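Below, chains carry the letters A, B, ... as their sequence lines are ordered, and counting in each starts from 1. Not measured: the values here are computed from a predicted model.
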Amino acid sequence: MPRSTLPTPSGLKPPPKHAPRRLRTDADLRALQRMMTHALLQPLTADDELAPRWRDGRPMAEVAAEFIKPNDRLSSFERLQIYARGYWFRVIDGVYEDHPGLRALLGDKKFSALVRAYLAKYPSRSFTMRNLSSRLPQFIREAPRWTAPRTALAHAVARFEWAQTIAFDAAALPVLTAAEIARTPPARLRLGLQPYVSLLAVDWPVDDYVMAVKTRDALRREASHAVEHGPRPAARKKIPLPRRRRVFIVVHRYPHRLYYKRVDSAGFKILTALAAGRTLARAVAAAGRGVTPRQVGEWFATWMELGWFCRR
Amino acid sequence: MPANRFNAFTDYGIGLGLRVPHYAHILEQKPTCDWFEIISENFMVDGGRPLHVLDQILEQYRVVQHGVSMYFGSADQPDRAHLKKLKALVRRTKTPWLSDHLCWGSVDGTFTHDLLPMPYTLAAAKRTAEKIRQVRDYLEVPICVENVSSYAEFHVSEMTEWEFLSEVVERADCGILLDVNNIYVSAQNHSFDPYDYLRGVPADRVGQIHVAGHTKFEQYLLDTHDHPVLDPVWKLYAQAIRQCGVTATLLEWDDKIPSFEEVHDEAMKANAFIAGARTAKAAKRTAKTHTALAPP
């Protein structure tokens, strides 16, 4: 009997060998729910059908018939398939919406394969679909074959796009004022960065790339509305891949809209040091000797105006 | 009985689901709407635009929370962190009641983000009722559980869906969010009479009603919320309000969402059935009075 080579979904306990025949206890309920969850989480076939085999190699139709009643129109397998398709289409859509850049980089087919492999290994562990992509950058590193030969760039784009989710709705803590900062000497002062702020040092200008993709997609949507009853809009214009160049990006929001701000290497060092819990004096020292006090003063003025600092 | 203890004795009329494509219209035009239903999970966040929009809505409108991830029927215990976030939102919105589904969708902390059908057994009903009680006691707000549409049934089931629903709500002493579209969809998928379902529901526990559109496939119906409400569902709705009284009603439209006006106009169709139910009720009362006053 052929055995499944699928990874066990992270966090999910193994299903029972057979579905419970009666449901008398909480353990029976859990066993039934594990059985069905495992069936739904098995990736669909290339034709988007329920996997033909169960984890132990038995036909899925036999397993489905153990716990789902057929009716006069649909077999147990077909009824289970409705839920499996619903599950996969829903979670793939969830990741799809949050990653226009990664999609453009890989192309729809490769992106879809990546997302299916990712969700097969890391199904949702959160009550909200907002967190579906949280482990995607990690997965891209762990399983480079889905993104080769552009794994490093794909990783950078995925990190950048996840940072946008964080910037969208992570907490905003009370902003530190200049007066509050002035009360503590720099040698003792530790500033926190707002939870919605992400600091990214990446080897490609992924912000420009993702912005270009979004602009193209928005224009295409507008064109598609304009010619709703006419000819189809032109095929998607390919966005050139970014050229390798080290950039430092702060993904944040102000006041409720998403922004990406480039900082230079010295500024990034200061922000990273502050985020790591260094005192203000040590963080500024981390920037190196080429930075003037005036420059530092200007940076802080901007960062404070943007509300990036909070109490630690 | 529009007002009962399951909807905190409120008298809400026809509401609409608050959806992102309508935010700008609602905030700028401030259209008339008796109340909005929000999906709790969309606002169980720590900050940013979702809460900013919600606060503006709350300044102008009444809001009721509807959840999609409590999974009362899941074998897992309620998650404390989840409940804490939900309670913070309940305090923010001052929702008079809170609804979620009579279903499961997660196990061992892994989520399918679906509303999966329950096995209709006494053991499952007891477990589910206990969980509803725990959640209600923590949140300190009345709870209504919603019947889901389903595409599969389990061999282990021992009763009908409406018997299961009744068993759960009686044991939990909670209300019902009666989704008449879901009754219709499940009735077609499982070959039962939707009016049998309605007759089997404890009408005095219905705190809210949902109507929505669905999609017909060759061998089953799918609850898609992307269409106007179909005639058989309106007919079922008419029967529901005859049976339960005029009850807070919400139109769900979650996909291929048209303009706010179109959704609003669709929801307002419920008024015709509500008027019909009111006329029938008044006629019944008049006939009763005449009978009582008639000379022996």
Side-chain angles (χ1 to χ4, degrees), chain A residues 9-13 19-34 36-37 40-41 64-69 71-74 76 78-80 82-83 86-87 90-91 94 123-130 132 167-173 194-196 253 255-258, chain B residues 40-53 67-71 73-76 79 81-82 85-86 104-124 126-128 130 150-158 189-191 217-220 222:
Chain A
S10 167
L12 192 59
K13 300 211 170 109
R21 290 177 173 219
R22 287 184 303 275
L23 205 152
R24 297 283 151 80
T25 64
D26 289 355
D28 294 336
L29 180 63
R30 186 177 293 282
L32 181 72
Q33 293 182 344
R34 273 196 192 133
M36 183 149 169
T37 303
L40 301 186
L41 265 52
E66 274 186 13
F67 62 103
I68 290 181
K69 281 185 197 169
N71 69 3
D72 55 349
R73 287 158 282 165
L74 296 167
S76 305
E78 288 167 327
R79 297 183 108 184
L80 184 58
I82 295 171
Y83 283 105
Y87 166 73
R90 188 177 315 104
V91 290
S124 175
R125 299 286 293 169
S126 164
F127 70 90
T128 166
M129 286 185 49
R130 175 251 193 218
L132 270 180
F168 181 66
D169 60 13
L173 302 177
Q194 291 286 1
Y196 60 78
R253 68 173 184 249
H256 300 291
R257 295 185 64 160
L258 291 186
Chain B
S40 300
E41 286 74 5
N42 292 347
F43 301 94
M44 287 165 66
V45 294
D46 296 323
R49 185 168 140 79
L51 293 178
H52 176 64
V53 169
V68 293
S69 68
M70 184 53 71
Y71 297 143
S74 165
D76 290 350
D79 178 75
H82 181 260
K85 280 192 173 214
L86 188 55
W104 67 281
S106 65
V107 69
D108 302 328
T110 293
F111 287 75
T112 65
H113 301 290
D114 202 349
L115 309 171
L116 301 173
M118 291 300 298
Y120 306 133
T121 72
L122 192 58
K126 283 181 184 169
R127 176 79 193 84
T128 305
E130 174 56 27
S150 64
Y151 317 101
E153 300 161 292
F154 295 106
H155 285 301
V156 291
S157 287
E158 302 159 347
N189 290 343
H190 307 310
S191 306
F217 289 95
E218 207 174 310
Q219 288 159 320
Y220 63 96
L222 197 64

Could you tell me which portion of [X] (side chain, backbone, both or neither) has an atom closer than 4.5 angstrom to a non-hydrogen atom of chain A?
| X | result |
| --- | --- |
| S106(B) | backbone |
| L222(B) | side chain |
| M70(B) | neither |
| E218(B) | neither |
| K85(B) | side chain |
| N42(B) | neither |

Heavy-atom donor-acceptor pair, [X] side chain to [Y] backbone, under 3.5 Å:
| X | Y | answer |
| --- | --- | --- |
| S74(B) | V107(B) | no |
| H155(B) | F67(A) | no |
| W104(B) | L115(B) | no |
| D76(B) | G109(B) | yes |

[X] versus chain B, heavy atoms under 4.5 Å apart: side chain, backbone, both or neither?
| X | answer |
| --- | --- |
| I68(A) | both |
| A19(A) | neither |
| L23(A) | both |
| L12(A) | both |
| P20(A) | backbone |
| E66(A) | backbone |
| L80(A) | neither |

Problem set entry | Short N-O contact, R130(A) and D169(A), less than 4.0 angstrom |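 Result for this pair is yes, salt bridge flagged.
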Counting heavy-atom pairs under 4.5 Å with chain A, which one of [options] comes out on top?
| options | value |
| --- | --- |
| H113(B), Q219(B), R127(B) | H113(B) |
| Y71(B), F111(B), Y220(B) | F111(B) |
| E41(B), H82(B), M44(B), H52(B) | H52(B) |
| E153(B), R49(B), M118(B) | E153(B) |

Exercise. Hey, which of Q33(A), R30(A), R125(A) is the one that makes side-chain hydrogen bond (donor to acceptor under 3.5 Å, both in side chains) with D108(B)?
Worked result: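 So the option named by the test is R30(A).
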For this session: Under the side-chain contact (heavy atoms from CB on, under 4.5 Å) rule, what do Y83(A) and L116(B) come out as? Steps first, then yes or no, please.
Result: CA-CA 8 Å; Y83(A) 283 105; L116(B) 301 173; 3.5 Å; yes
Exercise. Is the NZ or CZ atom of R253(A) both under 6.0 Å from the centre of the six-membered ring of Y196(A) and within 45° of that ring's axis?
Worked result: yes
Exercise. For atom NZ of K13(A), is the number of surrounding heavy atoms from other residues, nucleotides or ligands below 6.0 Å larger than 12?
Worked result: no
Problem set entry | Side-chain H-bond candidate by donor/acceptor type, R24(A) with T121(B), under 3.5 Å |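 There is no such pair between these side chains.
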Exercise. In Å, rounded to the nearest 0.5 Å, how long is the span from CG of D46(B) to CG of L51(B)?
Worked result: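 It comes to 8.0 Å.
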For this session: Between chain B and each of R257(A), R90(A), R21(A), count heavy-atom pairs under 4.5 Å; write down the option with the most.
Result: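 When all of R257(A), R90(A), R21(A) are compared, R90(A) has the most.
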